[in-house]
Amino acid sequence: MTSPITLEDSDQDVAPALHPAAVLSTDAEALQAAHVLADAAQAEVILRDRERRLPWELVERFTASGLGSIAVPRAFGGPQLSYVTIAEVFRIISAVDPALGQIPQNQFGLLGLLQAGANPEQQQRLFASVLAGWRIGNGGPERGSKHTLDIQARLVKRDGRWLFSGEKFYSTGALFAHWIASKALDEQGRPWLALIQRGRAGLRIVNDWSGFGQRTTASGTVLLNEVEVDENNLIPLWPLADKPSIQGAFSQLIQAAIDLGIADGALRDTLAFVRHKARPWIDAKVEQAGDDPYVIADVGRLQVELHAAEALLHKAGRVLDEVAASAIIADAAARASIAVAEAKALTTEVSLQASEKLLELAGSRATLAEFGLDRHWRNARTHTLHDPVRWKYHAVGAWHLNQRHPARHSWI
């Protein structure tokens, strides 16, 4: 495949090459494609993490397989696969390489935002681009802001041209994308989502992500200096404040699926290492580490918690499928958010527990760099920091105790 040009090569932003993409038809096809990609991702996953090698070829395979468009609505030519299947696709991939799972994460959240807020012409055109293989990256939140909804970027109209200026960070997927989706305030203080084509003058994408986990997501900086945005690629966001949707729940469902995948991968490596490499503790008086009764109990506990998290994730996907099947009212949107919050709370905890227990049960040998087992905990700790799980419990409690609807944004 054509090698992409990045800002290490040039100050002029250049879009990745566009390659044909399949359009999948069924849930079974999507799950099969995810397994094929996960098998390919297994090769050199430790080396990619250690050397921060960006998975360009794997991202291209993800898109070419048709996985990038499985959430596109049927009304616009897409397969609109079930939310249960979409979550499972992300779990399968993330069980091998959660950085690869995270790269398209924002694309799916943005597809949900387009479905909630774009007009029919915009939906038709932008969904068609995704079906054709265009990737959407995130011009993310802003460093130095009070919180993730504090927007300093500005959108102004000058001489009939819309110009976007700002600095974004945590921009997962941007380096790999053909569209950059980013938020700014207009001169009246109203929020807009801008879809910006790569290669526009004034746009720069910097691969300066230095996080200790999820190292190959390229979740770095997007610089925008009076970048021109086509007017028909501007989507007003302020009307969504009063419009019930499952956009936030959908975004969080994928986050939870990635965390569950991390837990899956960590437990899988725990079992393999304990069986074949770990030494038994002297007081256990057994020949193999796998016969240590305390190790057995810990593995059993982890397996139960993993299955519980998996069940909650599947339940959340089914709730989203049910809610999306008809006009979305406030109570239904809240029910979807709470179902996903319950899953997210447990997938967060089990991903951290499984990756921590891996090192404890495998023993000191497991810390050797050649095995790369520390990546599971680093990835879990990094990805689960997207939004605090303590607020998930608060939202769940407020719903069940006081029938209070959760907030409307992308983090619940």
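All values derive from a computational prediction rather than experimental measurement. All heavy atoms count here, side chains included; hydrogens, waters and symmetry mates do not.
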Exercise for the section: Using a strict cut-off of less than 4.0 Å between a Lys/Arg side-chain nitrogen and an Asp/Glu carboxylate oxygen, indicate whether Glu322 and Arg335 qualify as a salt bridge. Expected result: yes
Fill in the blank from the handout: From the list Lys277, His276, Arg275, side-chain contact (heavy atoms from CB on, under 4.5 Å) partner of Phe273 resolves to Lys277
Problem - Test salt bridge (Lys or Arg N to Asp or Glu O under 4.0 Å) applied to Glu226 and Arg154, Lys157, Arg158, the passing residue - result: Arg158
Practice task
Could you walk me through whether Ile205 and Thr221 pass the side-chain contact (heavy atoms from CB on, under 4.5 Å) test, one step at a time?
Solution key: CA-CA 6 Å; Ile205 300 176; Thr221 300; over 6 Å; no
Exercise for the section: Mark yes or no for whether Arg365, through its side chain, and Ala362, through its backbone, hold a donor-acceptor pair below 3.5 Å. Expected result: no
Exercise for the section: Please report the closest heavy-atom contact between Gly137 and Leu110, naming both atoms and the distance. Expected result: O-CD1, 4.0 Å
Exercise for the section: State, to 0.1 Å, how close Ala333 and Val323 come at their nearest heavy-atom pair, and which atoms those are. Expected result: N-CG1, 4.4 Å
Completion exercise
Tightest non-hydrogen contact, residues Ile246 and Ala336, listed as CG2-CB, 3.8 Å
Exercise for the section: Establish, from distance only, whether the side-chain atoms of Thr63 and Arg135 form a donor-acceptor pair under 3.5 Å. Expected result: yes
Exercise for the section: Scan side-chain atoms only and decide if Gln255 and His383 contain a donor-acceptor pair under the 3.5 Å cut-off. Expected result: yes
Practice task
Could you please spell out the steps behind the side-chain contact (heavy atoms from CB on, under 4.5 Å) verdict for Trp399 and Arg404?
Solution key: CA-CA 5 Å; Trp399 168 259; Arg404 188 181 305 155; over 6 Å; no
Practice task
Check the pair Glu342 / Lys315 against side-chain contact (heavy atoms from CB on, under 4.5 Å), numbers first and verdict last.
Solution key: CA-CA 10 Å; Glu342 291 178 357; Lys315 176 186 175 184; 4.3 Å; yes
Handout entry: Salt-bridge present (Lys392, Asp387; N to O < 4.0 Å)
Key = yes
Exercise for the section: Say whether, by atom type as modelled, one donor and one acceptor occur between the side chain of Gln123 and the main chain of Leu114 under 3.5 angstrom. Expected result: yes
Problem - Nearest heavy-atom neighbours spanning Ala380 and Ser355 - result: CB-OG, 3.8 Å
Exercise for the section: Consider only side-chain N and O atoms of Gln303 and His307, and report whether a donor and an acceptor are under 3.5 Å apart. Expected result: yes
Exercise for the section: Can you label the angle between the Tyr83 ring and the Phe250 ring as parallel, tilted or perpendicular, going by 30° and 60°? Expected result: perpendicular
Exercise for the section: Could you tell me whether Arg61 and Glu57 make a salt bridge, using a distance below 4.0 angstrom between a side-chain N and a carboxylate O? Expected result: yes
Exercise for the section: For Thr367 and Ser364, indicate whether the former's side chain and the latter's backbone hold a donor-acceptor pair under 3.5 Å. Expected result: yes
Exercise for the section: In sequence, state the C-alpha distance, the side-chain angles, and the governing distance for Thr85 and Asp27, and then conclude on side chain to side chain donor-acceptor pair (under 3.5 Å). Expected result: CA-CA 6 Å; Thr85 293; Asp27 296 296; 2.7 Å; yes
Exercise for the section: Can you label the angle between the Trp209 ring and the Tyr170 ring as parallel, tilted or perpendicular, going by 30° and 60°? Expected result: perpendicular
Exercise for the section: For the pair Arg204 (side chain) and Asn225 (backbone), establish whether a donor and an acceptor sit closer than 3.5 Å, ignoring hydrogens and angles. Expected result: no
Problem - Minimal non-hydrogen separation, Ala395 against Ile412, with atom names - result: CB-CD1, 3.9 Å
Practice task
Evaluate the ring planes of Phe108 and Phe62, with Trp represented by its six-membered ring, and classify them as parallel (under 30°), tilted (30 to 60°) or perpendicular (over 60°).
Solution key: perpendicular
Problem - Sole candidate of Ile258, Asp259, Ile254 that passes side-chain contact (heavy atoms from CB on, under 4.5 Å) when paired with Ser94 - result: Ile258
Practice task
State, without any angle test, whether Thr172 and Gln105 hold a side-chain donor-acceptor pair at a distance under 3.5 Å.
Solution key: no
Handout entry: Check: Asp186 side chain, Gln188 main-chain N or O, donor-acceptor pair, under 3.5 Å
Key = yes
Handout entry: Salt bridge present between Arg198 and Asp13 (N-O < 4.0 angstrom)
Key = yes
Handout entry: Donor-acceptor side-chain pairing of Asn119 and Gln122 below 3.5 angstrom
Key = yes
Handout entry: OH (Tyr294) with more than 12 external heavy atoms under 6.0 Å
Key = no
Problem - Flag side-chain contact, heavy atom, 4.5 Å: Arg48 against Pro55 - result: yes
Exercise for the section: State whether the side chain of Gln80 and the backbone N or O of Arg74 hold a donor-acceptor pair below 3.5 Å, judged by distance alone. Expected result: yes
Exercise for the section: Describe, in one word, how the ring planes of Trp192 and Trp238 are oriented to each other, choosing from parallel (under 30°), tilted (30 to 60°) and perpendicular (over 60°). Expected result: perpendicular
Exercise for the section: Decide if atom NE2 of His400 counts as having more than 12 heavy atoms of other residues, nucleotides or ligands within a radius under 6.0 Å. Expected result: yes
Handout entry: Donor on one side chain, acceptor on other, Arg125 and Asn233, under 3.5 Å
Key = yes
Practice task
Side-chain contact test, heavy atoms from C-beta onward, threshold under 4.5 Å: evaluate it for Val389 versus Lys344 and give yes or no.
Solution key: no
Practice task
Report yes if the side chains of Leu67 and Val89 come closer than 4.5 Å at any heavy-atom pair, otherwise no.
Solution key: yes
Problem - Straight-line distance of Leu240 CG to His409 NE2, nearest 0.5 Å - result: 14.0 Å
Exercise for the section: Check the pair Gln247, Ser410 against side chain to side chain donor-acceptor pair (under 3.5 Å), reporting the backbone distance first and the verdict last. Expected result: CA-CA 7 Å; Gln247 185 269 325; Ser410 296; 3.3 Å; yes
Handout entry: Beyond-backbone contact of Lys168 with Ile151, side-chain heavy atoms, under 4.5 angstrom
Key = yes
Practice task
First locate atom CG of Leu312, then atom OG1 of Thr347, and finally report the distance between them rounded to the nearest 0.5 Å.
Solution key: 9.0 Å
Problem - Residues Arg200, Asp230; criterion salt bridge (charged side-chain N to carboxylate O under 4.0 Å, His left out); working and verdict - result: CA-CA 11 Å; Arg200 288 288 170 99; Asp230 296 338; 3.0 Å; yes
Problem - Steps toward side-chain contact (heavy atoms from CB on, under 4.5 Å) verdict (Asn138, Gln107) - result: CA-CA 7 Å; Asn138 185 38; Gln107 171 164 312; over 6 Å; no
Practice task
Please answer whether the main-chain N or O of Ala369 pairs with a side-chain N or O of Arg50 as donor and acceptor at a distance below 3.5 Å.
Solution key: yes
Exercise for the section: Output the distance between atom CD1 (Ile93) and atom NE2 (His35), rounded to the nearest 0.5 Å. Expected result: 10.0 Å
Problem - Check: Glu142/Gln152 side-chain N/O donor and acceptor closer than 3.5 Å - result: no
Exercise for the section: Output the distance between atom CG (Leu155) and atom OG (Ser182), rounded to the nearest 0.5 Å. Expected result: 10.0 Å
Handout entry: Within-4.5 Å side-chain heavy-atom neighbours: Leu58 and Leu37
Key = yes
Problem - Inter-residue atom distance Leu111.CG - Phe76.CZ, 0.5 Å rounding - result: 12.0 Å
Handout entry: Side-chain heavy-atom pair Leu260, Phe90 within 4.5 angstrom cut-off
Key = no
Practice task
Please tell me if the side chains of Leu313 and Leu253 come closer than 4.5 Å, counting only heavy atoms from C-beta onward.
Solution key: yes
Fill in the blank from the handout: When rounded to the nearest 0.5 Å, the distance separating CG of Leu126 from CD of Gln124 is 10.0 Å
Handout entry: Salt bridge present between Lys357 and Asp298 (N-O < 4.0 angstrom)
Key = yes
Exercise for the section: Could you tell me whether a side-chain N or O of Glu29 sits under 3.5 Å from a main-chain N or O of Ser25, the two making a donor and an acceptor? Expected result: yes
Handout entry: Heavy-atom side-chain proximity of Pro406 to Ile338 below 4.5 angstrom
Key = yes
